[in-house]
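Read through the structure below, which is laid out as structure tokens, and then see the notes.
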Amino acid sequence: MNAFYERHKEEIERILAKYPPEHKRSAMLPLLYLAQRDEGYITREAMAQIAEILDVSVTEVDGVVGFYTLLHDKPGGKYRIQVCTDLPCALRGAEQFLHQLEEALGIKAGETTPDGLITLEEVMCIAACDKAPVFQVQTGEGLTYYENMDLEKTLALIAEWRKKHTKTPEGNSS
Amino acid sequence: MSQQVTLTIDGKQVTVPAGWTVVDAARVANVHIPVFCYHPKLEPVGMCRMCLVEVGLPERDRATGEIVRNEDGSPKIRFFPKLQTACTTYVQEGMVIRTTTEQVARARKDILEFLLTSHPLDCPICDKGGECPLQNLTMAYGPGTSRFPYEYKLHLEKRVPLGDLIILDRERCIICGRCVRFQAEIAEDPVLSLDGRGRATYIITTSDPPFDSYWSGNTTDICPVGALTTTDFRFDARPWEMHQAASLCNLCPVGCNIMFDIRREPELGGRFAVQRVMPRQNEYVNEIWICDKGRFAAYHFAQYGERLTQPLVRENGKLRPASWREALERVAQAFREAGSGLVTLASGRLSNEDLFNLARLTDHLGGRKVLDTFLAGGEWTDKVGLGRESDLAALGEGDAILVMASDLEEEAPIFWLRVKEAAQRGATLVVANPRPTKIERHAKHVLRYVYGEEGKVWEALLAGASEAAQALARAENLVIFYGQEGLDLATSDAVARAAARLLLTTGHAGKPNSGLVAVWPRNNDQGAWDMGFRPVADLADTLRQVKALYVVAADPAGDDPHLAAALEGADFLVVQDLFLTETAQRADVVLPAQAYIERGGTYTNALRRVQRFFPAVPPPEGPQPDFAIVAALARLLDLNLEGRSTAKGFEALAAQVPAYQGLTYKDLARVEEQFPLVSREVLDYTGTAYPNGQGLGVVLPNAVERGETVAPPEAPEFPVRAFQGLLAVPITRLYDRGTLVAWSDTLAPRLPEEAWVWVAPETARDLGLQDDATARLEIGDLAYTVRVRVNPAVPGGVVLVPRSVGVVLFTPVAVHLKAVVPAS
């Protein structure tokens with residue numbers, strides 16, 4: 001079939017088996033997460049290969065990637081810090097928090113730190129308004145919520161990640 | 001008959017079939033519910049919220065289930081507390097809809113205010129201005145002002161080419177998704193998608209090739225704003241500057257009903273010129289769609305081609321201008337001398353009126369009527385073609401369709417659509433073709449055969465043993481399409497006979513919604529057969545022996561060098577055409593004809609529906625309509641033919657040709673209410689397609705219906721080809737380099753630039769050819785340089801050669817294909 005299929009053959013077959021063959025496009029989201037695990041984002045090649053596996057057009061795959069904020073079509077950091085700045089969170093200081101964090105990290109929302117560790121992102125409601133400032137951290141492993149945060153706690157968290165990733169000289173562990 | 005439901009919309013009672021949406025029911029009740037995302041040909045999605053209405057249902061007693069009644073006995077109506085989208089609400093018995101309340105008016109105003117927050121309001125330079133649903137609905141229902149801060153307006157790309165033919169203006173797009181859904185649901189070529197969300201939602205295509213669907217132009221009709229425009233019409237004219245002329249597309253045998261939009265054109269010296277082609281509704285033929293070939297090439301040849309403007313006669317070996325009188329007298333004299341040695345070679349591009357006059361003139365002299373085609377079987381489509389009143393939309397559950405030897409979307413895109421829709425309604429589709437084609441996605445049975453072994457398929461079908469054969473035999477209605485895939489005259493004749501035999505022996509002949517359809521190469525081939533023109537097995541041989549040859553709307557010399565050589569044998573050659581073709585350059589007399597957009601007439605499509613087209617633009621000075629030229633010529637030969645008008649010509653034809661007996665232009669002009677109701681006043685509902693006020697045409701009775709005895713033909717002998725090596729097989733592609741489409745600048749980027757062929761990967765390997773390699777294709781004494789395209793869908797051992805793309809091939813033959821080593 002193609003390289004993506006060969007790389008994850010068993011897992012892809014397991015996913016496809018969950019859906020009726022005539023509706024195999026339903027497997028798109030699981031396959032996209034699989035692809036995102038590979039590179040931290042979904043490459044154009046992966047989209048084309050998923051389109052081929054699911055017998056849909058690559059534009060359709062692209063549209064799905066574009067719709068879901070947890071699917072990324074551009075490379076980012078190992079940790080994506082996604083700060084909610086919707087109205088209730090903003091009322092609890094989320095915007096100031098984001099600005100402080102931007103300043104501390106030296107990047108703007110949407111950018112990645114030079115060491116490739118962190119991407120800062122602004123997101124819409126993540127359903128924890130009462131615990132703002134709040135953010136979720138997306139990694140290849142999934143999502144983790146951090147509630148009632150401030151700059152200090154956040155920087156401590158980041159320092160921990162940094163330590164974890166400088167331990168191995170390749171810097172490639174996860 | 002489906003179940004009917006009665007509901008009340010703004011106090012009007014309306015009865016519609018169950019399953020209809022409230023929007024459709026309101027349209028029929030003449031109550032306007034404004035829409036953007038809803039389209040009656042697409043699945044409803046309720047995205048734009050423009051159609052919000054108050055919906056009420058009869059209240060039922062919870063305990064008894066009885067309808068609760070008011071004091072006056074009328075059912076008590078309970079309204080939903082919130083407004084509902086009329087496009088996703090289906091009609092129910094007793095439903096009450098209110099569209100004129102304060103609440104509804106407020107909702108419409110708010111939705112429009114939202115939509116306009118980022119709309120550029122560049123109506124004065126927008127192609128859609130004047131026929132724009134957003135403009136119209138804003139005027140009718142919108143707010144006069146916006147509360148939205150101007151600086152928050154998004155500024156987006158104004159010119160995003162989605163392909164060669166369609167340009168997207170992101171600012172104007174209101175994200176209704178009609179284009180996306182059209183490509184997915186109707187064209188089945190989902191190369192458009194919505195990307196992102198909220199205010200950052202955009203239409204995208206990231207496919208390769210991008211938006212190059214054969215159907216792309218239709219998205220500009222249903223786009224409710226000026227976001228999608230065609231490269232053909234972009235910035236060309238304003239809708240209100242143009243007047244309309246009803247016509248038919250003449251590029252394939254579907255006969256799509258179209259409308260030419262016409263305006264004086266400065267670039268053409270102020271002449272009246274067609275500015276664009278729009279679909280005109282005919283639910284029996286093209287619904288409200290047309291393919292891109294028709295939209296972007298149906299008139300260009302007439303308007304931009306290098307037209308003949310005066311008769312030419314040969315003197316001292318050279319063609320020189322002459323008067324009509326001189327030219328016709330020369331022809332008349334030559335024809336008189338030739339007598340039965342006259343051969344008239346005409347093509348199915350001509351109208352019925354032209355062909356009838358040509359046939360009469362030829363018969364008068366005892367000459368021979370020859371049809372320029374590679375597809376036979378027209379006498380069988382006349383005998384057992386689709387019956388009177390046939391309607392492809394009526395095919396569904398219990399019916400069956402066989403598509404044999406045809407890449408339907410390539411040969412006649414609208415037939416692909418109609419067959420697909422029938423299959424989606426439940427008709428059993430059987431597809432017999434040597435390679436997979438797009439229509440196969442909907443097939444219940446696929447019969448794969450080897451090119452040249454069409455006979456085996458028919459043997460099995462006629463024996464009735466297979467599951468597919470039984471499905472066809474059992475079907476309530478059976479329609480058989482045969483097309484142009486690998487067929488030549490001899491094989492297509494056998495296919496038509498076999499199909500006729502199947503229809504007759506299974507009791508499917510002579511009734512509506514059953515019958516044989518040939519997917520002809522030309523728009524009016526059926527009419528040409530009906531008027532008595534027939535192909536000949538060896539055209540070159542025939543041409544070599546003629547005393548006088550009258551070539552009308554055909555170009556044998558341009559089609560085939562062998563025919564060009566054969567023309568040398570003709571004592572006297574007359575060519576009647578729009579252009580100085582290869583054949584015309586060899587002629588003794590050349591007669592300039594008017595293009596079909598300059599005159600009227602009728603064409604008979606492959607469904608045998610006779611339809612009328614009308615003069616759209618004034619003819620250039622000089623050329624005459626074909627039927628009138630023939631009539632003038634006939635007068636000199638003491639034969640009285642109708643040359644005054646096509647109406648009179650059709651009358652004469654209807655008096656003599658059995659299938660057309662008694663038909664008049666009045667019959668062809670009959671219209672009826674067709675769903676969806678198309679109107680230029682309610683553009684938001686169906687788009688900018690034109691309604692049909694000019695006539696839906698008439699399906700001819702087949703011979704069985706005319707009371708003639710039609711005995712099943714014997715199971716035909718299929719020609720057997722003994723050959724060794726590689727077989728070259730002609731196929732048809734929509735985008736070719738045919739002489740008519742070649743004049744369209746718009747379509748030019750989509751047309752093949754060079755001759756190409758398809759081969760299977762294993763064939764390419766055996767021949768030592770890579771994909772995209774240049775190769776030498778040797779067919780008999782001719783050789784071509786072709787681009788090799790490796791295609792895994794092509795069976796091994798054959799070279800598929802598209803017709804009219806530079807290689808002359810009318811019948812499958814053994815060939816050589818060799819790699820060309822670059823000279824460097």
Side-chain angles (χ1 to χ4, degrees), chain A residues 1-2 4-5 20-29 31-32 35-36 41-74 76 82 84-87 89-90 109-110 121-127 138, chain B residues 37 43 45 47 156-157 160-163 166 168 170 173 175-216 219 228 423-424 429 436 438 440-444 792-793:
Chain A
M1 172 66 85
N2 55 47
F4 177 71
Y5 180 82
E22 69 272 27
H23 296 297
K24 64 178 173 180
R25 63 188 299 146
S26 305
M28 194 179 301
L29 283 178
L31 291 193
L32 285 170
Q36 186 155 281
Y41 75 106
I42 300 156
T43 61
R44 294 231 58 84
E45 296 72 46
M47 285 191 215
Q49 292 172 16
I50 289 173
E52 190 186 1
I53 293 168
L54 299 181
D55 205 9
V56 298
S57 81
V58 67
T59 302
E60 288 175 295
V61 178
D62 221 307
V64 171
V65 173
F67 183 79
Y68 290 100
T69 52
L70 291 178
L71 295 175
H72 307 281
D73 59 0
K74 286 180 190 64
Q82 297 163 344
C84 173
T85 53
D86 255 357
L87 184 58
C89 287
E121 288 168 345
E122 209 176 340
V123 293
M124 297 294 172
C125 186
I126 52 175
Q138 188 186 10
Chain B
C37 73
E43 289 296 317
V45 288
M47 276 167 64
L156 302 168
E157 279 174 285
V160 182
L162 292 178
I166 308 294
L168 166 67
R170 284 210 203 284
C173 178
I175 314 295
C176 69
R178 273 185 178 177
C179 55
V180 175
R181 284 176 289 136
F182 174 87
Q183 280 305 122
E185 293 171 25
I186 296 195
E188 296 197 355
D189 191 6
V191 295
L192 297 180
S193 176
L194 294 171
D195 188 37
R197 48 165 70 193
R199 266 165 82 79
T201 308
Y202 309 116
I203 300 292
I204 56 157
T205 179
T206 54
S207 297
D208 179 31
F211 190 24
D212 74 339
S213 160
Y214 290 157
W215 306 86
S216 69
T219 60
L228 297 178
Q424 286 172 327
L429 176 61
K438 190 167 163 187
E440 228 168 83
R441 290 184 206 167
H442 297 277
K444 180 87 183 291

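Below, chains carry the letters A, B, ... as their sequence lines are ordered, and counting in each starts from 1. Side chains included, hydrogens not; waters and symmetry mates left out as well; all remaining heavy atoms used.
Within 6.0 Å of the NZ atom in B:Lys444, the count of heavy atoms belonging to other residues, nucleotides or ligands does not exceed 12.
A distance of 13.0 Å separates CG of B:Asp195 from CD of A:Glu60, quoted to the nearest 0.5 Å. Interatomic distance, CG of B:Asp189 versus OG of A:Ser57, reported as 8.0 Å (0.5 Å rounding).
For a residue to count as touching a neighbouring chain, one of its non-hydrogen atoms must lie under 4.5 Å from one of that chain's; by this rule B:Leu194 touches chain A with the backbone only.
Proximity of a side-chain donor or acceptor of A:Thr59 to a complementary backbone N or O of B:Val191 within less than 3.5 Å is detected.
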